[in-house]
Amino acid sequence: MPFTTLLVDLADGIARITVNRPDKLNALNATVIRELGEAVERVEHEADIRGVIVTGAGAKAFVAGADIAEIAGQGPIDGKGRALEGQAVFRRLERCGKPVVAAVNGFALGGGCELAMACHLRVASEQAKFGQPEVKLGIGPGYGGTVRLPRLVGKARALELLLTGRMIDAAEAYRIGLVNQVVPADRVIAESEALLRGILENGPLAVQACLEAVDAGFDMSLDEALLLEANYFGLLSGTADMKEGTAAFLEKRKAVFRGV
Ligand code: COA
């Protein structure tokens with residue numbers, strides 16, 4: 001089934017997922033969330049997909065939040081259900097095992113900021129704007145904003161953004177560590193691809209192990225996280241890619257990784 005609210009294309013191992021509701025600034029309605037879940041399932045299962053770029057259609061918005069028209073009609077039970085469903089889709093994206101870059105081409109507000117934060121890395125247009133404005137609507141974040149924002153930028157800065165609902169520009173997002181790079185608007189996709197291509201030149205099992213170790217280790221005790229790291233280190237030592245990578249260094253040639 002083709003998607004109705006997403007554009008998905010695959011070129012050279014990189015899947016580009018574009019939220020495609022530009023007339024509503026790519027707001028996340030129930031269909032977008034469901035289709036994002038289906039797209040992530042493809043990412044998990046298709047070996048041809050080695051990395052992912054998530055972006056928004058049009059020049060104005062990455063994603064301007066959850067769809068306020070839908071939220072306006074919800075009650076406590078379906079509201080909780082909406083949050084759980086979106087959280088599950090974003091968590092699945094975060095744990096898909098392949099590197100995911102958010103190419104933030106414009107407004108990344110509410111659910112849009114939360115979607116960008118569920119990606120592993122963020123490249124922002126100079127024109128991008130970030131924020132968690134939910135409190136202005138009398139509601140709180142539902143797709144991980146109170147959870148991932150403090151982990152990315154620290155509790156004080158996260159609380160400031162969450163409590164004021166104020167928007168910040170790309171330069172400030174960079175300064176507080178919310179985004180990895182800020183680039184001219186017309187370079188967002190190209191620079192996201194370049195970042196991803198650099199990652200894809202590395203050993204894919206090693207890249208996957210870094211993703212897993214950071215994801216799982218972040219909330220462990222220091223000792224548990226160090227043990228997890230040592231286990232991955234040992235596990236990777238059994239791969240052909242590790243033999244190839246170390247041999248290539250010693251032989252002063254470029255490694256050819258096969259993901260085994
Ligand atoms: N949900 C539903 N529709 C949204 C939306 C959202 N989160 N964000 C924007 N839209 C719609 C607008 O209603 C408008 O639709 P219309 O043309 O049918 O009236 C269209 O997208 C364009 O938005 P508009 O507000 O006219 O653009 P703007 O340039 O004046 O303002 C924003 C841009 C991003 C500042 C403004 O749209 C906004 O504040 N959006 C909501 C952000 C938010 O609170 N997100 C968190 C939601 S929980």
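Counting convention: from 1, in listed order, for ligands and their atoms alike. Quick caveat, the model's predicted, so the values are computed rather than measured.
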Indicate whether atom 7 (N) of ligand 1 is within a distance of less than 4.0 angstrom of some protein heavy atom. yes
By the ring-ring contact (aromatic ring centres under 6.0 Å, His included) test, which pairs, at least two apart or in different chains, include something from residues 73-100? Phe90-Tyr143
Return a yes/no value: protein heavy atom under 4.0 Å from atom 10 (N) of ligand 1? yes
Within 6.0 angstrom of Tyr232 OH, more than 12 heavy atoms from elsewhere: yes
For Pro133, atoms of ligand 1 separated by under 4.0 Å from a heavy atom: 43 (C), 44 (O), 45 (N), 46 (C)
Do you see a protein non-hydrogen atom under 4.0 Å from atom 47 (C) of ligand 1? yes
With respect to Phe107, determine whether any N or O atom, backbone or side chain, lies less than 3.5 Å from an N or O atom of ligand 1. no
Taking only non-hydrogen atoms of Lys60, do any sit less than 4.0 angstrom from ligand 1? yes
Start with the C-alpha distance between Glu160 and Arg166, add both sets of side-chain angles, then the distance that settles salt bridge (Lys or Arg N to Asp or Glu O under 4.0 Å), and finish with yes or no. CA-CA 8 Å; Glu160 185 192 331; Arg166 113 180 140 84; 3.0 Å; yes
Number the atoms of ligand 1 from 1 as they appear, then name those within less than 4.0 Å of a heavy atom of Leu109, with their elements. 34 (C), 42 (C)
What protein heavy atom sits nearest atom 1 (N) of ligand 1, and how far off is it? Ile68 N, 2.9 Å
With backbone taken as N, CA, C and O and side chain as the heavy atoms from C-beta onward, which portion of Asp23 lies under 4.0 Å from ligand 1: side chain, backbone, both, or neither? backbone
Specify whether the nearest protein heavy atom to atom 36 (C) of ligand 1 is under 4.0 angstrom away. no
Does Leu7 sit in a hydrophobic cluster with other residues, and if so which ones, taking ILVMFWY side chains as linked at heavy-atom separations under 4.5 Å, directly or through other members? none
Distance alone, cut at 3.5 Å: any donor-acceptor contact between the side chains of Thr5 and Asn20? no
Polar-atom distance check: Ala64 versus ligand 1, any N or O pair below 3.5 Å? yes
As a test of the contact definition, would atom 19 (O) of ligand 1 count as having a protein heavy-atom neighbour under 4.0 Å? no
Starting from atom 23 (O) of ligand 1, what is the nearest protein heavy atom, named by residue and atom, and what distance separates them? Leu25 CD1, 3.6 Å
More than 12 heavy atoms from other groups under 6.0 Å of CZ on Arg95: no
Is it the case that more than 12 heavy atoms not belonging to Leu250 sit under 6.0 Å from its CG atom? yes
Can you confirm whether some protein heavy atom lies under 4.0 Å from atom 31 (O) of ligand 1, or whether none does? no
Atom 16 (P) of ligand 1: which of Glu70, Lys24, Arg21 has the nearest heavy atom? Lys24
Short N/O distance, under 3.5 Å, between Gly110 and ligand 1? no
Below 4.5 Å, heavy atoms only, C-beta onward: do Arg148 and Glu114 meet side chain to side chain? no
Looking at atom 25 (O) of ligand 1, is any protein heavy atom nearer than 4.0 Å to it? no
For Glu94 and Arg91, run salt bridge (Lys or Arg N to Asp or Glu O under 4.0 Å): C-alpha distance rounded to whole Å, both residues' side-chain angles, the deciding distance at 0.1 Å, then the answer. CA-CA 5 Å; Glu94 193 171 34; Arg91 186 73 179 121; 2.8 Å; yes
Phe62 vs Asn26 side-chain heavy atoms within contact, under 4.5 Å: no
Verdict with supporting geometry, Lys98 and Glu44, salt bridge (Lys or Arg N to Asp or Glu O under 4.0 Å): CA-CA 8 Å; Lys98 300 170 186 179; Glu44 286 170 337; over 6 Å; no
